[in-house]
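Everything on this sheet refers to the single structure shown next.
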Amino acid sequence: MLPANPQSVLADILAAANAVVLGKSTQTRLALCCLLAKGHLLIEDLPGVGKTTLAHTMARLLGFQFSRVQFTSDMLPADILGVSIFDRERADFRFLPGPVFCQILLADEINRATPKTQSALLEAMEEGQVTTEGETRPLPEPFFVIATQNPSSQVGTFPLPESQLDRFLLRIELGYPDQAAERSLLESGGRREQLPALAARVAPGDFALLQQQTAAIYAAPALFDYLQLLVAATRNEPRFVHGLSPRAALSLLAAARAWAFTGGRSMVLPEDVQAVLPAVARHRLRLLSGGQAAAEDMAALIRSVPLT
Amino acid sequence: MRRRPGVALELGAVPWLLAAALATTVPHAEHLPPWLSALVGSALLWRAWLWYRRRPLPARWALALLVGGCVAGIAWQFHTLLGKDPGVALLVVFMALKPLEMDNRRDAMVVILLGYFLLLTHYFYSQSIPAGLWLLSTITLLTATLIRVHGGAQPVAAIARLACLLLVQALPFMLILYLLFPRVSGPLWGLPQDAYSALSGLSEQMSPGSISSLTQSGAIAFRSQFAGEVPEKADLYWRGPVFDDYDGLTWRARPPAGGPARADPLIEARGQVHAYTSILEAHNQRWLLALDVPTRLPPDSRLAPTLEVLAREPLRVRSRVSFVSALDYRASVAEAAAVLQQSLALPAQFNPRTRALAAEWQSLPPREIAEAALTKFRHEPFYYTLQPPLLGPDAMDEFLFTTRRGFCEHYASAFVFLMRAAGVPARVVAGYQGGEVNPVDGYLTVRQSDAHAWAEIWLAGQGWVRVDPTAAVAPARIEQGIAAALPEGEPLPVVVRIDADWLRQLRNRWEAANNSWNQWVLGYNPQRQREVLSRLGLADADWQKMTATLAVLCGTALLIVTLWTLPARRAVDPVQRAWQRYCKELARRGMARAEWEGPLAFAQRVARERPDLAQLTSEAAACYAELRYGCQGDARLGQLQQCLHRLPPQRRRKA
């Protein structure tokens with residue numbers, strides 16, 4: 001059963017999210033796109049700009065079961081995945097599921113955990129299942145990870161390696177709110193209090209249908225041409241260590257479909273690709289001069305590929 | 001470093017560009033100073049390494065320093081920056097350094113264009129067949145690089161095929177331009193004087209060793225094609241400069257005598273005449289080497305009093321000249337007394353023994369004196385060698401009585417000395433003797449190693465008679481050629497002394513191919529062009545006629561190529577065309593769409609900046625987006641085309 005009007009549902013979600021996270025309409029739309037495209041989201045910015053609020057808001061609006069893990073350096077895989085304890089009554093081991101058994105896992109400050117813990121999470125992200133003590137257990141459907149990390153205080157952290165960064169469909173930055181948004185934030189107080197009051201805007205199970213519709217958004221041969229040119233341009237750009245992988249190209253297409261869907265269109269346009277490119281590509285491209293590709297690099301990349 | 005604008009260069013195109021840079025600079029290594037070649041090589045290697053390791057390019061200031069250093073080095077090496085050699089050196093350096101700042105497509109284009117230009121400069125140095133083949137493959141490589149830079153990654157075979165196809169398409173134009181472009185005599189641009197300094201051949205004077213050193217070159221002096229039979233080898237005396245002034249060491253041609261101009265030398269030809277055409281290699285002297293004695297001369301030449309044929313200008317390019325010669329002749333029977341007097345002159349001192357010997361013969365008739373001298377050469381142990389001992393001031397005495405070892409110039413000059421001392425007018429003639437018929441094309445090939453010197457004496461009633469004292473010493477030299485006359489171990493060039501049959505055949509084929517190349521490709525001068533044109537039915541073509549024909553033929557060829565390639569061109573999508581036309585119209589109204597800008601984004605920008613065009617543009621953009629990126633078919637094509645017509649007429653812009 002399809003939602004009566006998917007566009008109005010999506011608009012409703014976005015409007016509600018923007019009412020909580022002020023002045024960040026692009027980021028909330030990207031976050032929604034990420035979930036529609038069945039991808040995991042990485043939010044990177046300074047503390048206190050609303051990373052957690054955004055993640056929490058999305059979970060509540062979509063009506064998903066939500067758990068939050070604050071990563072620390074002494075955390076062990078079992079702290080996330082769960083642990084088996086001996087049940088005396090049954091004279092057997094009983095598995096106590098960890099916080100990962102949920103629909104949206106908010107992994108706060110993921111780069112504080114050790115690589116061992118990070119990789120435990122990664123299996124869950126990639127496979128949608130968890131293996132502990134020789135037993136594989138499926139995770140609920142859908143399963144999203146929204147991870148946040150704080151780029152500035154790198155002391156005592158374990159930056160995610162490229163291979164793990166690649167598993168996040170999108171990475172967004174929030175940045176400071178603009179003056180008007182900050183003013184209304186100050187006037188109306190912190191946002192966290194509003195969160196419990198948020199009602200789900202999607203009926204259970206409907207989100208899966210929205211995801212199906214997203215995947216069915218039409219992409220024309222001309223669009224594939226453009227997308228391939230864009231990906232080829234990242235591979236030929238001498239300032240990047242290497243270009244986008246085929247998996248990244250798939251991610252780009254999926255995210256562009258979701259962007260077109262949230263824009264109310266039934267086909268993907270080059271504008272959609274251009275809009276999601278920074279979020280898809282920046283954490284996957286490393287500069288030869290060190291560091292990740294900047295927003296200006298993405299703009300230059302887009303300008304270098306003419307639309308035919 | 002700030003990023004310069006422009007389309008980024010694909011990494012995969014860099015090896016192509018480096019290969020093109022290498023191919024265009026490598027042949028110049030032959031004549032560039034070694035330090036420059038090493039520098040060029042290491043610059044290209046450096047760039048290749050940077051590419052391989054994906055390192056960033058060197059900073060601008062470092063490159064500027066490098067360029068400045070190279071220019072200073074070239075200025076120091078050549079003492080100037082102008083002229084052929086320093087100019088080429090500069091171009092080569094630029095070609096090697098430009099890749100070091102090459103990071104966008106525009107730089108790549110500069111490299112490719114520079115490469116095409118560098119190709120041209122190779123013809124300053126060599127116009128041979130290997131050079132031509134090398135340049136042909138290099139032009140293919142450059143064209144392939146052009147394709148790679150603009151066409152993106154493709155299989156090498158596909159790129160090569162396209163490059164060859166492009167060159168094949170250019171072929172008709174090349175032929176038409178080659179055949180019909182109005183030719184001018186001489187090179188199109190003046191070359192500096194030093195361009196001719198390296199030409200070899202007989203010189204204006206003869207001293208011991210001058211001919212024997214020439215003999216050590218296997219280079220070709222000229223080729224001749226006879227209309228009829230080729231005469232006997234022993235009769236092939238090709239006359240070069242005539243020397244009648246001796247200072248005890250060196251024979252020189254006397255400067256033209258003052259006083260009244262003498263009548264033309266009287267030549268009385270007897271018996272059969274031979275017509276032949278020679279292709280003379282440039283030797284930077286005026287004489288044209290004709291068979292003794294010429295009775296009909298090519299235009300723009302004259303017969304000197306001493307019977308050699310002189311051109312108006314020194315021979316600086318390979319030339320094709322036709323002669324008729326009579327092998328049996330009498331020349332200058334009525335020679336002026338002053339000339340005969342000059343032909344007896346000797347330096348006052350030195351060589352007492354030779355003079356004494358000549359004095360013994362003085363009473364004999366002139367012909368017997370000559371016979372006596374030849375008998376002396378024939379019977380005493382004279383020895384024919386390229387490596388004679390050095391002689392002192394009494395050179396003739398030492399040679400005739402002590403060393404008795406010498407080359408043709410020794411024999412000729414000793415003979416003339418003896419004749420003059422005995423009172424017979426005599427002179428030395430330099431030139432070439434013999435030659436070898438190339439069975440492949442029937443041309444008689446005469447090399448520098450066939451250089452020779454002989455003598456002429458004047459006999460009353462018979463005029464100047466040729467006497468070749470070398471024939472008395474080494475008859476094989478005249479009858480079979482120099483290789484047979486000299487013993488093993490003499491320093492003769494290898495091409496002359498080839499024994500293996502297959503090798504000789506290979507050499508013959510190669511030289512025949514070269515000859516055709518020289519005649520038809522390099523020697524295609526105004527005269528040849530006229531010949532070809534009259535054969536094509538375009539007699540008496542002046543440049544206007546030629547230009548008209550050129551234009552017509554080029555147009556026809558262009559039409560044919562167009563018709564050939566047109567069907568292969570992808571038909572432009574009507575949707576694309578309609579959108580592009582709409583964008584063009586908008587650009588005329590001051591709203592240009594950026595190349596990368598999508599339709600809806602463009603429409604939004606128009607809405608912000610030009611509200612008057614907003615509605616129409618967003619309609620057109622929506623149509624286009626639907627047509628190109630949607631799946632609804634071509635239903636809205638008409639609407640998109642209508643948008644173009646509904647655009648308001650252009651406003652007049654005021655300055």
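Fair warning: this is a prediction, and the values are worked out from it, not measured in the lab. In what follows, every chain begins at residue 1, and chains take the letters A, B, ... in the order their sequences are listed.
Here NE2 of A:H242 is found 13.0 Å from CG of B:L11. Values are rounded to the nearest 0.5 Å. Note that the CD atom of A:E237 and the CG atom of B:D103 stand 8.5 Å from one another [nearest 0.5 Å]. Here the CZ-CG distance, from B:R628 to A:L223, works out to 9.5 Å after rounding to the nearest 0.5 Å.
The most heavy-atom pairs under 4.5 Å with chain A, out of B:C631, B:A601, B:P56, come from B:C631. Interface remark: of the candidates A:S289, A:P270, A:P221, A:A232, A:P270 forms the most heavy-atom pairs closer than 4.5 Å to chain B.
Residues of residues 140-150 of chain B never come closer than 4.5 Å to chain A when only heavy atoms are counted.
Contacts of A:L288 with chain B are made by side-chain atoms alone, with heavy-atom separations under 4.5 Å and no backbone atom involved.
Under the 4.5 Å side-chain criterion, counting only non-hydrogen atoms from C-beta, A:R265 is in contact with B:L600. Side-chain contact between B:E626 and A:M267 is present, with heavy atoms from C-beta onward closer than 4.5 Å. Side-chain contact between B:E595 and A:V305: absent, with no pair of heavy atoms (C-beta onward) separated by less than 4.5 Å.
The backbone N or O of B:W596 sits less than 3.5 Å from a side-chain atom of A:Q274, completing a donor-acceptor pair.
The number of heavy-atom neighbours closer than 6.0 Å to CH2 of B:W49, taken from other residues, nucleotides and ligands shown, is above 12. Other residues, nucleotides and ligands place more than 12 heavy atoms under 6.0 Å from the CZ atom of A:R247. Within 6.0 Å of the CZ atom in B:R646, the count of heavy atoms belonging to other residues, nucleotides or ligands exceeds 12.
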